[in-house]
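For the numbers below, each heavy atom of this structure counts, side chains included, while hydrogens, waters and symmetry mates do not. Model, not experiment: these values are computed from the prediction. So that the names make sense, note that chain A is the first sequence line, chain B the second, and so on, each numbered from 1.
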Protein chains: 2
Amino acid sequence: MDAWLPLAALMTKLPAALDAQLRRDAGISHFEYFVLAMLSEAAEHTHRMSALAERTSSSLSRLSHVVKRLEQRGWVRRAPCPADGRYTNAILTDAGWEKVVATAPGHVDIVRRLVIDALTEEQIGQLRDIGRSIVDRVTPALTAMAASTGQVIDSESEPDPVL
Amino acid sequence: MDAWLPLAALMTKLPAALDAQLRRDAGISHFEYFVLAMLSEAAEHTHRMSALAERTSSSLSRLSHVVKRLEQRGWVRRAPCPADGRYTNAILTDAGWEKVVATAPGHVDIVRRLVIDALTEEQIGQLRDIGRSIVDRVTPALTAMAASTGQVIDSESEPDPVL
DNA sequence: AGCCAAGACTTGAAGCTTCAAGTCATTGAA
DNA sequence: TTCAATGACTTGAAGCTTCAAGTCTTGGCT
């Protein structure tokens with residue numbers, strides 16, 4: 001409880017703060033920014049939708065809706081993958097690149113102020129390790145739960161550490 | 001970046017995992033559970049709406065909508081505060097109490113498995129301190145941003161550490 | 001060749017959150 | 001006393017996410 005309550009508070013408040021800054025200063029949500037940022041780092045400013053969903057930890061459905069909105073705003077365009085027509089590529093436009101360049105400094109600044117500056121050098125290292133450990137547990141659990149909708153966890157007979 | 005990326009991943013995936021477990025096993029969202037849990041810990045199983053919003057880190061509007069749904073499901077009821085008619089009390093019903101009692105073990109179990117068991121004793125202590133430090137920074141920043149909608153952060157002329 | 005199964009999205013509807021107004025009770029000033 | 005002003009919600013609409021189907025392409029089987 002001692003450690004869980006602060007973490008629970010963190011998980012609700014920090015995303016809210018990041019969202020508020022981006023919405024106020026750039027008119028986009030944190031998730032929209034994150035999608036643009038991931039595309040800006042990709043080779044050719046291009047990503048398959050499924051790979052982008054993976055990188056942004058989102059469902060394909062959510063990503064599809066968001067990319068449609070970003071497309072309407074002129075920051076992204078979509079094209080079927082020339083090599084394999086089953087895939088769709090999301091491509092950052094020039095306007096999209098400029099949006100990222102204009103928006104990134106303010107975002108980086110608030111992350112630094114709210115997270116990095118709140119901690120000592122030592123704590124930053126601890127946070128990295130703790131974050132990785134938890135994410136490594138959560139990721140397979142999330143996959144397992146998506147696969148077993150409607151079932152109840154049986155912690156007695158199921159020694160699998162995943163859940 | 002080293003520490004930020006794991007934290008960003010944590011903030012999207014851990015809430016998703018908790019939500020999935022509660023939705024699957026109890027048919028409620030994590031936020032709905034949290035509201036019921038806070039009420040179950042309160043004296044008389046009662047809280048003013050504004051105090052409950054504070055404790056759950058949510059807006060009054062969001063809480064109002066959620067409590068309405070919980071009321072429709074019979075787990076909560078609302079009554080104006082006898083002492084001061086401006087306030088509204090949210091009160092956990094007997095059925096609501098039973099819902100919490102039935103739901104808590106599964107939720108506690110998954111938090112333990114995903115968070116606590118992923119860490120050493122030492123890391124749990126570190127996480128508590130890190131979480132508190134960040135939340136202490138984020139909370140006033142969030143308040144400040146709510147108050148200054150539409151304005152741009154000026155990091156040069158504004159030495160205030162809040163943002 | 002023809003078909004079917006699998007994978008990769010896309011879409012429409014339903015549910016939840018946010019935003020902007022609106023309502024109601026109480027306090028304080030004229 | 002009367003009447004803003006404040007504070008505490010509540011509500012309806014708009015926007016975003018999730019869920020369940022539906023579409024389209026490719027690879028493999030016959």
Query raised in the report: If the sugar-phosphate is the primed atoms plus P, OP1 and OP2 and the base is the rest, what is the B/S/- string for nucleotides 2-13 of chain C, using protein heavy atoms under 4.0 Å?
Result: ------SBBBB-

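How far OG1 of T88(A) is from CG of L60(A): 9.0 Å, rounded to the nearest 0.5 Å.
Toward the 5′ end of DNA chain D lies the nearest nucleotide of R23(A), the other residue of the pair R23(A) and D84(A) mapping further downstream.
For L18(A) and dT18(C), the CG to C1' distance is 17 Å, given to the nearest whole Å. Taking atom CD of residue E32(A) and atom C1' of nucleotide dC16(D), one finds them 9 Å apart after rounding to whole Å. For R62(B) and dT17(D), the CZ to P distance is 13 Å, given to the nearest whole Å. Taking atom CD1 of residue I28(A) and atom P of nucleotide dT18(C), one finds them 18 Å apart after rounding to whole Å. Rounded to whole angstrom, the span from the CZ atom of F31(B) across to the P atom of dT17(C) amounts to 7 Å. Spacing between atom CG of L52(B) and atom P of dA8(D) amounts to 15 Å, rounded to whole angstrom units.
Remark: R23(B) fails to qualify as a cation-pi partner of Y33(B) under the 6.0 Å distance and 45° angle criteria applied to the six-membered ring.
Within 6.0 Å of the CZ atom in R78(B), the count of heavy atoms belonging to other residues, nucleotides or ligands exceeds 12.
For the OP1/OP2 pair of dG15(C) and a distance below 4.0 Å, the side-chain nitrogens and oxygens of R69(B) include no atom meeting the criterion.
Both L10(A) and L5(A) are assigned to one and the same hydrophobic cluster, defined by single-linkage of ILVMFWY side chains at heavy-atom distances under 4.5 Å.
Scanning all heavy atoms of the two residues, the minimum distance from P82(A) to N89(A) falls at CD-ND2, 4.1 Å.
Between the side chain of S58(A) and the main chain of T56(A), no donor-acceptor pair closer than 3.5 Å is present.
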